[in-house]
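Before any comments, here is the structure.
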Amino acid sequence: MSLPYDFFLSLFLESLILDASLLSNGLDEFEMGYVANEEMEVRREIIRTIISGNTTSLQPNSGQPVMIRGHNICIGWHDERGSDFRAWEWHGHVMTHDEEKGYLLEYIFGDYFERIPERHR
Ligand SMILES: *[C@@H]1O[C@H](CO)[C@@H](O)[C@H](O)[C@H]1NC(C)=O
């Protein structure tokens, strides 16, 4: 089964506007603001590396986390059959501190659809 091209194109475009939507989430609490901001910055750094063409430092699909902005992040990708897109996915944790609850690990994740137009179908 292969999904239509438009499906991946819309995911790709969605990826591009995610930064803007994260910023306008209207999160009031400082800690949530911090986690959302780190999630966005981690995303920005990963995408910058993907676009650079050398993703060695991300150790994708190794199962090993890499340090990004001081957070442990696991990164992988898979090719979407029948499309020009490579689906990148990552997840990890951001540590926060709360007066009452102490240290907490907040789960963060993200994805990005890299367009690979030169690839043969
Ligand atoms: C890619 O980046 C790594 C470090 O992240 C470096 O060791 C390696 O030489 C780079 N490869 C190329 C082809 O530039």
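Counting starts at 1 for both ligands and their atoms, in listed order.
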Worksheet, complete the sentence: In this structure, atom 5 (O) of ligand 1 is nearest to the protein heavy atom Ser57 CB, 3.5 Å
Worksheet item: In terms of residue, atom name and distance, what is the protein heavy atom nearest to atom 1 (C) of ligand 1?
Response: Asn54 ND2, 1.5 Å
Fill in: Salt bridge present between Glu45 and Arg48 (N-O < 4.0 angstrom)
no
Practice prompt. Report, in ascending order of atom number, the atoms of ligand 1 lying under 4.0 Å from any heavy atom of Thr56.
Written response: 1 (C)
Discussion item. Determine whether any protein heavy atom is located less than 4.0 Å from atom 7 (O) of ligand 1.
Written reply: no
Item to complete: With the side chain counted from C-beta on, respond yes when His91 and Tyr107 share a heavy-atom pair under 4.5 Å apart, and no when they do not.
Response: yes
Discussion item. Do Ile73 and Ile46 have side chains that approach each other closer than 4.5 Å (heavy atoms only, starting at C-beta)?
Written reply: yes
Item to complete: Say whether Thr56 and Asn54, considering side chains only, have a donor N or O and an acceptor N or O under 3.5 Å apart.
Response: yes
